[in-house]
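Note that ligands are numbered from 1 as they come in the structure, with each ligand's atoms numbered from 1 the same way. No hydrogens, no waters, no symmetry mates; every other heavy atom, side chains included, goes into these values.
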Amino acid sequence: KEKVAITKEQDALMKLIVEAYNKHQIPQDVTKKLLQEQYSTEENFLLLTEIATSQVQVLVEFTKNIPGFLSLDHEDQIALLKGSAVEAMFLRSAQVFSRKMPKGHTEVLEERIRKSGISEEFITPLFNFYKSVGELHMVLEEQALLTAITILTPDRPYVRDQQAVERLQEPMVELLKKLCVLQHPQEPQYFARLLGRLTELRTLNHYHAEMLTSWRVNDHKFTPLLCEIWDVQ
Ligand SMILES: Cc1cccc(C)c1Nc1c(-c2c(F)cccc2F)nc2cccc(C)n12
C-alpha cells in the first residue's frame with residue numbers, strides 16, 4: 001500500500017486556498033439581521049437578497065486569491081465566475097447552514113428561506129442538498145478545495161482556453177484526493193462522494209435559473225451585483 005503524503009508544494013497550495021476561503025466571510029451585521037428583522041415575506045426576501053449579494057462579493061474575493069486565477073485570460077475569468085457562481089454559493093451556504101451557524105440560527109434561516117416567496121419545488125432540492133453536504137462533515141480544507149475545484153471547471157459556457165483552466169484544477173483535484181485519504185482513512189469512497197456532490201450541484205443551476213425568472217415575474221428587485229452575475233434585468 002503506497003504511503004500517501006502531501007508534498008511541500010501541495011501544502012503551500014492548500015494553505016493559500018484555506019487562507020483565501022477563511023479571509024472572506026459574510027459580514028456579521030448581515031447574519032445578525034437574520035435574528036432581528038420581523039418575518040414578513042418581503043423582509044425575508046430582502047434579507048436573502050442581501051445575503052446573496054454578500055455571498056457573491058465573498059465568492060469574487062475568494063476566486064481572485066486562487067493561485068493562478070488572475071493569470072487566466074480576463075474573459076475566461078468572468079466566464080468562470082458567472083458559470084460557477086450558483087454552485088459555489090450553494091456550496092458555501094450549505095457549509096454555513098450545516099456547520100458554522102450557532103444553534104438556533106439554522107432554524108431561523110431555514111424558516112426565513114421557507115417564508116421568502118420561493119416556490120416549494122426549489123425549497124425541497126435546496127434543503128436536500130444542504131442535508132447531503134452536512135452529512136459529509138467536510139473539514140475546512142475540503143470545503144475550500146471543493147469550492148476552488150467548482151470554480152475552476154473548464155467546460156463552463158464561453159470559456160476559451162479550457163486547457164489553462166484544467167492545468168489549475170488538476171493539482172487541486174489531486175490534492176483533495178490525498179486529503180480525503182488522509183482525513184477519512186476508514187472511508188475509501190469518501191473522495192468519490194465529494195465529487196458526487198459536484199454532480200448534484202449542477203442540477204441546482206437549473207432550479208436557480210427558474211427561481212430567478214419566477215422572482216422577476218413577481219417583480220422582485222435584485223441588487224446590481226446579482227443582476228450582473230446572473231444577467232438579469
Ligand atoms: C442567500 C440565500 C440562501 C438560501 C436560499 C436563497 C434563495 C438565498 N438567496 C438567493 C440565492 C441563493 C444563494 F445566495 C445561495 C444559495 C442558494 C440560493 F438560491 N440566489 C439568489 C438570487 C437572487 C435573490 C436571492 C434572494 N437569492
Side-chain angles (χ1 to χ4, degrees), residues 21 24-63 81-102 104-134 136 138 143-144 146-147 150-151 153 197-233:
Y21 194 76
H24 309 297
Q25 302 287 344
I26 296 188
Q28 285 304 324
D29 60 315
V30 177
T31 44
K32 223 175 35 242
K33 270 193 198 161
L34 266 180
L35 301 170
Q36 268 130 30
E37 320 274 316
Q38 70 271 25
Y39 263 78
S40 80
T41 313
E42 290 70 36
E43 286 288 335
N44 288 341
F45 184 79
L46 277 177
L47 195 58
L48 290 178
T49 303
E50 209 177 320
I51 296 175
T53 305
S54 76
Q55 280 202 351
V56 172
Q57 288 159 342
V58 163
L59 169 69
V60 171
E61 287 315 305
F62 171 65
T63 305
L81 258 176
K82 291 174 77 140
S84 67
V86 173
E87 293 174 26
M89 286 167 62
F90 266 100
L91 213 44
R92 182 177 286 263
S93 61
Q95 282 139 17
V96 166
F97 195 81
S98 55
R99 161 67 44 91
K100 301 265 188 50
M101 301 255 270
H105 289 212
T106 312
E107 286 73 17
V108 167
L109 179 60
E110 172 155 357
E111 200 47 30
R112 285 185 182 280
I113 294 169
R114 291 187 184 283
K115 292 201 172 60
S116 57
I118 301 170
S119 58
E120 200 47 45
E121 61 159 325
F122 181 73
I123 295 284
T124 312
L126 175 79
F127 285 111
N128 288 344
F129 179 73
Y130 282 178
K131 199 161 138 292
S132 66
V133 166
L136 285 169
M138 275 192 261
Q143 291 177 23
L146 200 62
T147 306
T150 304
I151 294 162
T153 300
R197 293 288 74 83
L198 296 189
T199 311
E200 187 180 353
L201 262 178
R202 291 218 173 196
T203 64
L204 294 169
N205 277 305
H206 154 78
Y207 285 112
H208 191 270
E210 298 266 303
M211 199 185 61
L212 280 178
T213 313
S214 77
W215 277 335
R216 273 188 61 204
V217 159
N218 307 334
D219 202 24
H220 276 97
K221 289 280 162 285
F222 301 134
T223 57
L225 184 57
L226 295 181
C227 295
E228 197 180 335
I229 198 112
W230 288 312
D231 296 327
V232 288
Q233 243 125 338

Quick check on ligand 1: any N or O pairs to the protein under 3.5 Å? One line per pair.
| from | atom 1 | to | atom 2 | distance (Å) |
| --- | --- | --- | --- | --- |
| ligand 1 | 20 (N) | His208 | NE2 | 2.8 |

Item to check | Point-to-point distance, once rounded to the nearest 0.5 Å, from CZ of Phe45 to NZ of Lys221 | outcome: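 Nearest 0.5 Å value for the CZ-NZ distance: 10.0 Å.
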Checklist entry - CG/Leu91 to OH/Tyr130 distance, rounded to the nearest 0.5 angstrom? => result 10.5 Å
Checklist entry - Between Thr41 and Ser116, which heavy-atom pair has the shortest distance, and what is it? => result CG2-C, 3.6 Å
Item to check | Test ring-ring contact (aromatic ring centres under 6.0 Å, His included) applied to Tyr207 - qualifying residues, sequence neighbours left out | outcome: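 Checked Tyr207 against ring-ring contact (aromatic ring centres under 6.0 Å, His included); zero matches.
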Checklist entry - Does a salt bridge link Arg114 with Glu111, judged by any charged N lying under 4.0 Å from a carboxylate O? => result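 The answer is no: the pair does not qualify as a salt bridge.
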Next on the checklist: Can you tell me which residue among Thr150, Thr153, Asn205 is in a side chain to side chain donor-acceptor pair (under 3.5 Å) with Glu87?
Outcome noted: Asn205
